[in-house]
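Values in this document were obtained by computation on a predicted structure and should not be read as measured data.
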Amino acid sequence: MDEILRVRDLRLATVDKVLVEGLSFTLSRGERFGLIGESGSGKSLTSLAITGLLPDAIRASGQITLAGEEVVGAPERRLVGLRGNAVATVFQEPLTALDPLMPLGRQIAQPVRRRLLRQGLPATRPDITREVHTLMDQVRLPDPDRLMRAYPHQVSGGQRQRVAIAMALACQPKLLIADEPTTALDVTTQAEIVTLLRSLVTDLGISLLFISHDLAVVGQVAERVMVMRDGHMIEAGPADTVLTRPRDSYTQSLVAAAARFDAALEGDA
Amino acid sequence: MDDGVNIAARVGSRKNITLWLGAVLVGVPLLAGLVSFVWTPYALSDMVGGRLETPGWAHWAGTDRLGRDILTQLMVGARVALVVGCGAVAIGAAIGVMCGILAAFATRFADDALAAFFDILIAFPTLLIAMLVVATRQEASLGTAILALGIGLAPIVGRITRILTKQVLGQDYIVAARVCGTSWPAIVLWHIVPNILPFLGVNLALQFGLAVMAEASLSYLGLGAPPPNASWGQMLQEAQGTVYSAPWGAVLPGLALFALVIGVNLLADGLRDRVSSQRGEA
């Protein structure tokens with residue numbers, strides 16, 4: 001099976017408002033796919049829909065096939081099995097995405113333990129600790145023994161996001177969704193996280209759905225991109241084509257704006 | 001910079017004073033109650049001295065109108081107050097936390113119904129609910145008093161738990177936990193309970209104070225633990241007739257009650273400050 005995710009004719013709507021309509025795309029195994037759009041374009045809702053975590057007020061119709069299983073309309077019990085196993089998400093704001101009262105080590109250990117049990121492997125305390133250490137190594141977190149006992153507010157934003165990535169990877173998902181993972185970070189940290197995500201996804205051979213409003217960041221990560229606006233697809237194609245020779249006027253304006261921004265920075269420097 | 005450090009240190013020490021004062025005010029009755037199991041100055045119901053003796057060497061806290069030692073009664077009363085307070089809070093918390101979390105997870109309709117039910121029960125004075133429970137059991141005993149007050153406290157705990165749980169449920173880390181496949185029971189156990197506990201704990205301490213006061217009121221009315229148990233409320237009631245000639249008989253149990261309730265609140269406040277500074281909020 002070459003296809004990890006297929007979205008067909010996805011429509012998300014509340015009682016009185018259509019939020020996403022007619023959205024279709026596919027992701028194959030090991031592919032890095034970028035979803036570009038301004039805030040409110042429906043990109044984060046799409047990612048929630050893929051994991052079956054939409055708020056109750058939003059109804060989904062259409063098809064989302066994740067690792068061969070249908071997500072839209074699936075009962076919660078099936079979804080719990082799918083989450084972690086097939087898909088994991090890294091969110092925008094790592095401070096609120098981590099439990100403030102739980103040491104970082106335990107936050108990573110919980111998905112590790114569930115995965116070991118799911119795979120039928122021994123899940124004793126030393127097994128789990130060893131796995132947590134490996135993961136912290138993988139996301140290049142320094143001083144694992146100290147960080148394991150630290151609480152989220154005691155470490156930096158970049159380290160928190162690395163912990164969040166370690167938690168997502170702990171599940172060994174087939175698809176990793178990164179929902180604006182760099183937006184809450186400063187620019188140098190952004191670059192580190194982007195490089196990290198890219199190399200991890202390549203090394204582990206998992207697919208990446210990278211969601212961002214930042215064309216430059218998406219350009220560094222994704223092979224294929226899709227531009228969204230007001231819940232509709234505007235343009236899709238290989239990243240270098242869409243980002244350098246956009247056909248649609250909206251994408252053109254986005255690219256031009258980014259270019260002007262870069263030029264302004266260059267001029268300043 | 002120096003000022004900042006000084007202010008931080010002063011705020012820190014003020015919090016520590018709260019915590020320590022609370023610990024002492026709770027610790028003294030706790031110790032007295034524990035000691036009363038193995039030793040009291042005199043036997044509880046024996047008439048060991050003259051009637052209404054003023055506090056002195058033989059009877060540190062004086063004697064009551066039957067010539068019983070008041071210090072002995074205070075010690076046993078401390079035991080009763082703590083047992084009733086802890087028992088009532090435990091029962092109230094067990095029922096309240098469970099119902100509160102259930103309500104927060106329930107469908108909209110069931111949630112509204114439970115919330116309204118809590119509100120109606122809260123509108124009844126705790127003491128009245130407790131008296132109704134004692135009435136249905138048709139006998140006053142320590143166990144009945146604990147059960148009655150526990151049931152009286154449950155809706156208050158339930159309402160607070162419901163609100164706190166809803167707050168936590170709206171947090172990103174709950175979505176983050178769900179997205180990596182954590183089941184609801186695990187989320188309740190590992191994320192919701194620890195995160196509502198600091199706030200709930202402070203409230204439970206308030207409820208403990210309420211329960212101790214309510215137990216005193218029940219005993220005052222003769223619906224609490226029957227003799228030979230001594231209870232501060234019962235002592236107050238017995239001293240009522242002699243409050244002008246022998247004020248210590250009423251003042252001392254009143255002070256004990258006051259100190260314990262204040263102490264528990266200070267202790268809870270101090271502990272909450274500790275927790276929130278650990279969280280990085282202070």
Could you give the distance from [atom1] ([X]) to [atom2] ([Y]), rounded to the nearest 0.5 Å?
{"X": "B:H191", "Y": "A:Q107", "atom1": "NE2", "atom2": "CD", "answer": "6.5 Å"}
{"X": "B:C180", "Y": "A:N85", "atom1": "SG", "atom2": "CG", "answer": "12.0 Å"}
{"X": "A:M102", "Y": "B:Y173", "atom1": "CE", "atom2": "OH", "answer": "9.5 Å"}
{"X": "A:D99", "Y": "B:I174", "atom1": "CG", "atom2": "CD1", "answer": "7.0 Å"}
{"X": "A:T96", "Y": "B:Q171", "atom1": "OG1", "atom2": "CD", "answer": "7.5 Å"}
{"X": "B:T182", "Y": "A:R114", "atom1": "OG1", "atom2": "CZ", "answer": "3.5 Å"}

Subject >> Heavy-atom check, side chain of B:V175 versus side chain of A:F91, under 4.5 Å >> reply: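 In short, these two side chains touch, coming nearer than 4.5 Å.
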
Subject >> Under 4.5 Å from any heavy atom of chain A - which part of B:W184 >> reply: side chain

Original post:
Using non-hydrogen atoms only, which part of A:L53 is less than 4.5 Å away from chain B: side chain, backbone, both, or neither?
Top reply: side chain

**OP:** Measure distances from A:V87 to the heavy atoms of chain B and classify the residue's part below 4.5 Å as side chain, backbone, both or neither.
**Re:**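 Just its backbone gets close to chain B.
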
Subject >> Within 6.0 Å of CZ in B:F117, more than 12 heavy atoms from elsewhere >> reply: no

Subject >> Flag if over 12 foreign heavy atoms under 6.0 Å of CG, A:D145 >> reply: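 Yes, because the 6.0 Å sphere around CG of A:D145 holds more than 12 heavy atoms from other groups.
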
Original post:
Do you know the tightest heavy-atom contact between B:P194 and A:L101?
Top reply: O-CD1, 3.1 Å

Subject >> Minimal non-hydrogen separation, A:V80 against B:G181, with atom names >> reply: CG1-O, 3.6 Å

Can you tell me which of [options] forms the most heavy-atom pairs within a distance under 4.5 Å of chain B?
{"options": "A:I177, A:T89, A:T51", "result": "A:T89"}
{"options": "A:A88, A:P111, A:A97", "result": "A:A97"}
{"options": "A:Q110, A:R83, A:M167, A:R106", "result": "A:R83"}

